[in-house]
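Naming: A, B, ... by sequence-line order, numbering from 1 per chain.
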Protein chains: 2
Amino acid sequence: MKPVRILIVDDHYIVVEGIRSLLQRVSAVEILGSASDAESCMRFLDRRIPDLILLDISLPHTSGIDLCKAIHEKYPRIRILGLSTFKEQSFVRNMLDNGASGYVLKNAGIDELMIAIQTAMKGGKYLSDEVAAALTDQQIDPAAPVITRREKEVLNLIAEGYTNNEIAGRLFVSVTTVDSHRKNLLTKFGAGNTAALVKLAVKMQII
Amino acid sequence: MKPVRILIVDDHYIVVEGIRSLLQRVSAVEILGSASDAESCMRFLDRRIPDLILLDISLPHTSGIDLCKAIHEKYPRIRILGLSTFKEQSFVRNMLDNGASGYVLKNAGIDELMIAIQTAMKGGKYLSDEVAAALTDQQIDPAAPVITRREKEVLNLIAEGYTNNEIAGRLFVSVTTVDSHRKNLLTKFGAGNTAALVKLAVKMQII
DNA sequence: GGGGCAATCCTGTAAAAAGGGGATTTTTGG
DNA sequence: CCAAAAATCCCCTTTTTACAGGATTGCCCC
């Protein structure tokens with residue numbers, strides 16, 4: 001069987017070296033090379049097509065999620081495995097929605113990595129246990145609520161310290177509209193007042 | 001010259017492998033071993049004392065910052081280099097305050113890592129360029145104001161969503177007192193209202 | 001083409017916070 | 001011991017939010 005040809009995309013030199021070192025010992029895979037950002041990744045793909053890409057989520061300039069999407073659209077046959085320190089539900093979901101074949105945490109060992117690669121190559125999806133757990137957990141306590149674009153705008157302005165009146169002026173809408181959005185935000189976040197709302201939003205990294 | 005004996009503490013297997021692979025080629029260092037959390041690190045130190053520890057910030061259970069403190073108190077002669085993806089000012093500051101000899105980002109190359117190690121061993125402090133930049137940036141805008149213990153208590157309760165009235169009840173003081181603290185907080189943070197206050201406080205990691 | 005959702009607007013009351021004044025007692029540090 | 005800082009308390013006015021109801025438009029998707 002031909003080895004799986006792999007491209008590593010990660011801006012952390014140490015991580016790239018780690019993966020290289022781990023996979024070098026395995027004959028079933030062949031490392032074609034590595035890239036440290038979206039641009040160099042796309043340039044690489046202009047020349048050579050790997051079977052699978054190990055893709056870090058947090059890249060400079062373009063995020064791994066956007067890059068995942070771009071790769072998947074241009075080269076639908078390349079399998080993509082998300083790779084990250086974080087098991088944030090939203091990251092994982094976004095990666096999978098954008099065509100990734102799985103998501104592996106950086107504390108994975110060689111065994112897990114190989115299983116993920118093989119699963120992906122067979123057309124399956126692989127998620128680290130913890131990731132899968134985080135994903136299902138999420139439905140139990142509904143972490144970050146879904147808010148609309150407009151609500152997010154209002155939320156940002158609230159957190160900046162603008163009053164309903166000022167926000168209404170900025171967004172060219174009536175004060176009552178802003179108040180409605182605010183009320184919805186309080187409900188969605190389960191916050192009793194603005195202070196609690198802002199705290200939750202900042203902690204959840206929405207702001 | 002005797003090689004620098006190093007312990008790697010990181011819960012990311014891949015990162016550990018990366019560092020190993022990088023440093024194996026260098027004769028000036030010797031990797032004693034690795035640990036994946038605070039507990040196993042301390043157990044390791046019961047048996048063997050390295051010259052230097054490469055310490056990841058984000059560890060399970062106990063944070064790298066706490067571990068740094070613990071190591072530094074028990075083994076003041078061991079040099080500690082912080083290692084992380086993040087260049088958050090507060091992390092860096094905390095590490096340095098707790099006895100670390102430097103802070104290296106995970107996108108560092110072997111050259112940078114070796115310079116950091118050598119600088120640390122000579123008693124100096126090494127910071128990645130980006131980290132140093134983030135640190136000095138911070139001093140330009142007057143970061144976190146000095147607040148009193150009581151003000152912090154009040155601030156926390158405000159952020160939890162309690163009203164002045166409720167806070168007064170909890171702290172067994174009058175509402176006017178709480179209001180005074182609140183007013184002082186607004187002034188100290190330069191915030192126009194509670195929302196802005198809470199946002200700043202959370203972002204500055206005070207909450 | 002109808003259901004759902006987002007975004008918009010409305011009325012009204014009660015509660016809370018912001019703003020601007022002080023004043024008094026503890027702590028705490030030099 | 002004394003001064004400065006912190007913590008406590010008070011009054012008053014205006015502005016802003018919170019809470020409780022609705023109602024209307026437009027848009028997207030099935």
Atom-pair distance ([atom1] on [X]; [atom2] on [N]), nearest Å:
X	N	atom1	atom2	answer
B/Arg150	C/dT28	CZ	P	13 Å
B/Lys152	D/dA7	NZ	C1'	18 Å
B/Leu197	C/dG19	CG	P	12 Å
A/Arg182	C/dA17	CZ	P	12 Å
B/Asp179	D/dC12	CG	C1'	12 Å
B/Asn165	D/dC9	CG	P	13 Å
B/His181	D/dC10	NE2	P	13 Å
B/Ile158	C/dA16	CD1	P	14 Å

Are [X] and [N] close enough that a side-chain N or O sits under 4.0 Å from OP1 or OP2?
X	N	answer
B/Arg149	D/dA6	no
A/Thr176	C/dT11	no
B/Thr194	C/dA17	no
B/Thr177	D/dC9	yes
B/Asn164	C/dA17	yes

Side-chain donor-acceptor contact under 3.5 Å, B/Asn184 with B/Thr187 |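 No donor-acceptor contact under 3.5 Å links the two side chains.
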Side-chain donor-acceptor contact under 3.5 Å, A/Ser40 with A/Asp37 =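 Result is yes, a qualifying pair exists.
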Determine the sole option in A/Asn164, A/Leu157, A/Thr163 for which the side-chain contact (heavy atoms from CB on, under 4.5 Å) test with A/Val178 is passed.
->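 Per the side-chain contact (heavy atoms from CB on, under 4.5 Å) rule, the option paired with A/Val178 is A/Asn164, out of A/Asn164, A/Leu157, A/Thr163.
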Among [options], the nucleotide that comes nearest once only the side chain of [X] is considered:
X	options	answer
A/Asn193	C/dG21, D/dA18, C/dC10	D/dA18
B/Val173	C/dG20, D/dT8, C/dA16	D/dT8
B/Leu186	D/dT17, C/dC9, C/dA18	C/dA18

Side-chain donor/acceptor of A/Ser180 to base of C/dC9, under 3.5 Å |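 Indeed, a donor on one side and an acceptor on the other fall under 3.5 Å apart.
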Side chain A/Thr148 and base C/dC5 donor-acceptor under 3.5 Å |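 Check fails, no donor-acceptor contact within cut-off.
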Upstream residue (5' side of DNA chain C) when A/Lys183 and A/Lys188 are each assigned their closest nucleotide =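 Checking each residue's closest nucleotide, the 5'-ward one belongs to A/Lys188.
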Distance col, row A/Ile147:CD1 vs A/Leu185:CG, nearest 0.5 angstrom, shows 6.0 Å
Approximate separation, where rounding is to 0.5 Å, of A/Arg77 CZ and A/Asp51 CG =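 One gets 9.5 Å once the value is rounded to the nearest 0.5 Å.
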Contact class for B/Asn184 vs. all strands (heavy atom < 4.0 Å): base, sugar-phosphate, or nothing?
->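 Touches nothing.
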